[in-house]
*Asks:* 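Here it is, the structure in full.
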2 protein chains.
Amino acid sequence: MVRGAPTQQRILDAAERLFFGDGIAVTGMDALAAEAGVSVVTIYHHFGSKDGVLQAVLTRRLTAWTTAWDTAIARAATPEDRLLAVFDAIETFRSANGRTQWCCFLSTVSERPSPTGADPDPVHALVRQDTAELVGRLGSLAEAADLTDPRATAATLLVIYNGVLSSLLRGEPEDPFQAARVAARLVVSAARRPG
Amino acid sequence: MVRGAPTQQRILDAAERLFFGDGIAVTGMDALAAEAGVSVVTIYHHFGSKDGVLQAVLTRRLTAWTTAWDTAIARAATPEDRLLAVFDAIETFRSANGRTQWCCFLSTVSERPSPTGADPDPVHALVRQDTAELVGRLGSLAEAADLTDPRATAATLLVIYNGVLSSLLRGEPEDPFQAARVAARLVVSAARRPG
DNA sequence: CGTCTACTGTAACGACCGTTGTGCATAACG
DNA sequence: CGTTATGCACAACGGTCGTTACAGTAGACG
């Protein structure tokens, strides 16, 4: 029998595939256990509840995604390329993680009631953290690139980024990466400081 | 008691609010009936099943959206403005239809298992029809605008369009419309035929 | 008036859900 | 060796789901 760590990992892998491929509500604990090759009891022993699995998957995804983004940023040469590194990060992350659907945060928020007033829901907090991570990084990168109106540029790039995720989620035939890169490059070029 | 047509309409309105606001799987038939102010039996009498309600909502949404888009296109003056009329259409359609989440097709596909091989699922067919409507119209509009590489331009605009929907779905604080318009205008300008 | 349509409430059905308890097997560690 | 940790199979619980049947009411139309 394999030791503890791989078991948790296998459960999370299976949850990633099923939750974001088929849907969270549609996926039962039995199906999740079968996909992970473990027992239902083991899942509860590790994560306590189905919502616990979801939170764990989202957290893992969030950290994995941010580190992938960081390496893509580090690989870029110029400040403007660093600003466009998001799209490289998605592409490599996606090819590395196989067939899992994008974006898991988008899928999650679709199945959840909108938070009413105060938000004690940790799942929504994670989604919000993902968004905050996006706008924060894009904003600071835009500022570092010395663009005119970096906030507006970051907001525009965020829309394009969301467009890539949405296109992937829809399963559109066209490849959104090239289109996104073209648009993003135009946006950055237009925001370049004259002189 | 109100006659037939308003009843169906009220059910579809309620389904639009609940399905795409809270999630399809989460919304039970009881909640749907309560929101519509009708009985559960009435829903089944009109639509046969929950999936029937979903299909009816999606079809209604599809036709409403395309007609709204058409009027926005007709209101535009130049071919390039016609190409950018999508964003006006979303904005007016959204403000007219209140708090309903965008995009319903995006939310739907998140909760559904991906079609395996052949696709006998009418819901997936509707989502695909929505996508086809988008790429077809954007493509012909780009061609009518006499741009260089109209197909690539249409693909880029589609990504930006998807980005708006995705941003709205996430409930991001920033207003995505202005950002999308800026990016789209840049894309169209860059594709303009020289001379 | 009678008939029909449209809709209502209540109750029930089978099925599946998330969750927990019990008991057992295996492997590592002292 | 015994202890502990880890995971398994089996079974069951309360609950909710989508769906349907049964019985009854208000208005439209002849």
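Each chain gets a letter, A, B and so on, in the order its sequence line appears, and its residues count up from 1.
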*Asks:* To the nearest Å, how far apart are B:Q8 CD and C:dA6 P?
*Replies:* 10 Å
*Asks:* Counting any heavy atom closer than 4.0 Å, what does A:G37 reach on the DNA or RNA strands: base, sugar-phosphate only, or nothing?
*Replies:*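 If one applies the 4.0 Å heavy-atom cut-off, A:G37 turns out to touch the sugar-phosphate alone, with no base involved.
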*Asks:* If you find the nucleotide of DNA chain C closest to B:T42 and the one closest to A:I24, which residue's nucleotide is nearer the 5' end?
*Replies:*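 With B:T42 and A:I24 compared, the 5'-side residue is B:T42.
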*Asks:* With the side chain of A:K50 defined as its heavy atoms from C-beta on, choose the nearest nucleotide among D:dG7, D:dC8, C:dG18.
*Replies:*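 The answer is C:dG18, which lies nearest to the side chain.
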*Asks:* Classify B:V40 by what it touches in the nucleic acid, base, sugar-phosphate, or nothing, heavy-atom distance under 4.0 Å.
*Replies:* base
*Asks:* Side chains of A:R170 and B:T131: do they bring a donor and an acceptor to under 3.5 Å?
*Replies:*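 Distance-only check passes for A:R170 and B:T131.
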*Asks:* Would you call B:D121-B:R112 a salt bridge at under 4.0 Å N-O?
*Replies:*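 Between B:R112 and B:D121 there is a salt bridge, with a charged N closer than 4.0 Å to a carboxylate O.
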*Asks:* With a 3.5 Å distance limit and no angle check, can you tell me whether B:E111 reaches the backbone of B:A25 through a side-chain donor-acceptor pair?
*Replies:* yes
*Asks:* Describe the nucleic acid contact of B:V41 in one word from base, sugar-phosphate, nothing, applying a heavy-atom distance below 4.0 Å.
*Replies:* base
*Asks:* Does B:G23 offer a backbone N or O that forms a donor-acceptor pair with the side chain of B:T27 under 3.5 Å?
*Replies:* yes
*Asks:* Of all the nucleotides listed (D:dG18, D:dC8, C:dT8), which has the minimum atom distance to the side chain of B:S39?
*Replies:*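 Of D:dG18, D:dC8, C:dT8, C:dT8 is nearest to the side chain of B:S39.
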*Asks:* Whole-Å distance between D:dA5 P and A:H46 NE2?
*Replies:*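 Checked: the NE2 to P distance equals 14 Å.
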